[in-house]
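Single-structure report; data block below.
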Amino acid sequence: MSKLKEKVAKVGEKAADKLPRKLRRSKKEESPTRITNDTIAEHREKILTEGRKFKYPFQYAKHKILINTIIVVVITTISFGGWLWFMLYHKQATGDFFYSATKILSLPVANVDGQKVPYADYLRRLRSVIFYKEHRDQEKVDFGTPDGQRVLDYLKRNEMNRAQRTAYATKIAKKQNITVSDEEIDSEIDKNLKTDSGETMTRADYEKYVLGQYFGWTMNDYRAELKNQLLEKKVAFAVDEAAKSKIEKAETRLKAGENFAKVASELSDDEATSEAGGGVSARTGDVDPSGLIAIARNLNAGETSGIIQGVDGYYIVKLDSKTDNTTKYFMIKIALTQFDNDFNKLREAGKIKECIKIPKPEDIEGAS
């Protein structure tokens, strides 16, 4: 038994003596090769080879992410567009967000003989009259009531017609190369900055206390509206050769020495004054949209002005007398009619198409 144990012990010692040598030899064989200038290319290729295992799976994932992103963007865009269309063209929303959207996207609200009517032009004016009715009018309107809805329909119809007229004027202006410059807009703004007391407001104050509090407009809104008004006025004068010829005829007769009252009674289109020979008596502070009172006051008694382009036609005035409180003068007015006639013919011919439903004037009762 003891001999057997001795024999096993010897075998174990021999095995133990061989084991470290095998371990040392294995460790030596598996040790990494040292990187040198001569082996750097070999190591780079080895690393790139290992990396290629992950290249194509990542490319596939990237391609799938791109496709999914495009799908999400398309669905979101279509959903947003559908919602915006519903709110503007069905619900006829007028909020700040929708007004901004119509300005950015240049959406149409109607079409006049091929000329797009910008939704933004319609909303800008509609929002201003709604704002005034809700905040500044002595009899504030509740648009949630049946009576309020009739008033709203009336306002919508009125502002839709005005936006269509502007679009028609824009179409003519393009053909005749008629434009409105920034300087003309600035000049018009400067006129409106003057108060009744003779003081001049700053533009910041005018924007805050007049535009903001009465119309809910910014100065940019106001500039856009003024540009439309000035453009329509220029076009109306440009297309009305009959009115121009008529006022020139009146001026020729006056220069020939004819009596002003006689010429006014025969040619003037102002029904309120023509029968009285064009006589007008104005008090200091009276509204003067065409500036006729101011022009008359700058004349000497008996002096006649030249041809004046007013808001809605041609004028000639002759000062009778003036005091600190009153101005008496004679007036000849030749109204512009060609633009209105042409616009109405387009409507009768069915060349004006609207993108939203608004009651016609004859369907709106009791609104003003």
Side-chain angles (χ1 to χ4, degrees), residues 106 108-118 120-122 124-125 158-192 222-255 263-264 266-271 274 278 288-292 294-295 304-317 331-353:
S106 189
V109 72
N111 186 288
V112 178
D113 196 25
Q115 178 67 37
K116 180 179 70 174
V117 181
D121 284 358
Y122 164 72
R124 181 174 55 252
R125 293 197 55 86
N158 190 45
E159 300 313 325
M160 173 64 82
N161 291 343
R162 298 187 70 164
Q164 291 169 357
R165 286 172 60 89
T166 298
Y168 180 53
T170 300
K171 179 178 181 178
I172 296 174
K174 289 178 180 178
K175 291 182 178 180
Q176 299 194 15
N177 198 29
I178 299 172
T179 59
V180 174
S181 67
D182 289 338
E183 290 75 15
E184 290 175 295
I185 297 173
D186 288 331
S187 176
E188 198 67 23
I189 292 174
D190 290 340
K191 293 178 185 177
N192 295 330
Y222 185 47
R223 292 184 68 88
E225 186 57 33
L226 278 179
K227 182 176 182 179
N228 286 344
Q229 291 178 8
L230 292 173
L231 186 67
E232 185 175 330
K233 177 182 175 181
K234 281 189 172 185
V235 169
F237 277 104
V239 301
D240 207 324
E241 292 294 335
K244 183 179 180 181
S245 175
K246 191 174 181 181
I247 194 66
E248 289 174 348
K249 179 180 179 181
E251 184 182 43
T252 299
R253 291 176 60 177
L254 292 173
K255 287 182 177 180
V263 176
E266 293 179 359
L267 297 180
S268 181
D269 293 325
D270 189 77
E271 296 179 358
S274 60
D288 189 23
S290 292
L292 300 182
I295 292 172
T304 302
S305 73
I307 296 175
I308 304 163
Q309 282 193 5
V311 175
D312 55 353
Y314 293 102
Y315 294 86
I316 299 176
V317 299
M331 174 186 75
I332 295 174
K333 174 187 176 181
I334 305 301
L336 301 175
T337 59
Q338 191 64 51
F339 180 86
D340 287 341
N341 291 339
D342 292 344
F343 178 76
N344 291 333
K345 286 179 181 177
L346 288 178
R347 188 179 297 283
E348 292 170 0
K351 293 186 177 182
I352 298 179
K353 307 295 183 182

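The residues of the chain are indexed from 1 along the displayed sequence.
When all heavy atoms of Val117 and Ala167 are compared, the closest pair comes out as CG2-CB, 3.6 Å.
In this structure, the side chains of Asp186 and Arg223 come closer than 4.5 Å at one or more pairs of heavy atoms. Residues Asn228 and Arg162 have side chains not in contact (no heavy-atom distance under 4.5 Å, counting atoms from C-beta outward).
Atoms CG and OH, from Asn192 and Tyr222 in turn, are 3.5 Å apart once rounded to the nearest 0.5 Å. Considering CD of Glu266 and CD1 of Ile332, their distance stands at 10.0 Å, rounded to 0.5 Å. Going from atom CD1 of Ile247 over to atom OG1 of Thr252 covers 10.0 Å, rounded to the nearest 0.5 Å. We find the OG1-CG distance between Thr179 and Leu230 to be 11.0 Å, quoted to the nearest 0.5 Å.
In summary, the side chains of Ser106 and Lys116 do present a donor paired with an acceptor at a separation below 3.5 Å, with no hydrogens or angles considered.
Between Phe237 and Tyr314, the ring-plane angle classifies as perpendicular under the 30° and 60° cut-offs.
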Begin from the C-alpha positions of Glu188 and Lys191 and carry the test salt bridge (Lys or Arg N to Asp or Glu O under 4.0 Å) through to its verdict. CA-CA 5 Å; Glu188 198 67 23; Lys191 293 178 185 177; 3.8 Å; yes
Could you check Phe343 against Ile352 for side chain to side chain contact (heavy atoms under 4.5 Å, CB included), going step by step and ending with a plain yes or no? CA-CA 9 Å; Phe343 178 76; Ile352 298 179; 3.9 Å; yes
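The closest donor-acceptor contact from the side chain of Asp269 to the backbone of Ala335 lies under 3.5 Å.
A side-chain hydrogen bond (donor to acceptor under 3.5 Å, both in side chains) with Gln164 is found for exactly one of Arg347, Gln115, Lys353, Glu159, namely Arg347.
Look at Arg165 and Asp340 and you find a salt bridge, because one of the NZ, NE, NH1 or NH2 atoms lies within 4.0 Å of a carboxylate O, short of that distance. A salt bridge links Lys234 with Glu184: the distance from a Lys NZ or Arg NE/NH1/NH2 to an Asp or Glu carboxylate oxygen falls below 4.0 Å. Of the charged side-chain nitrogens involved, none lies within less than 4.0 Å of a carboxylate oxygen, so that Lys227 and Asp182 do not count as a salt-bridged pair. For the pair Lys345 and Glu348, the salt-bridge criterion is not met [side-chain N within less than 4.0 Å of a carboxylate O].
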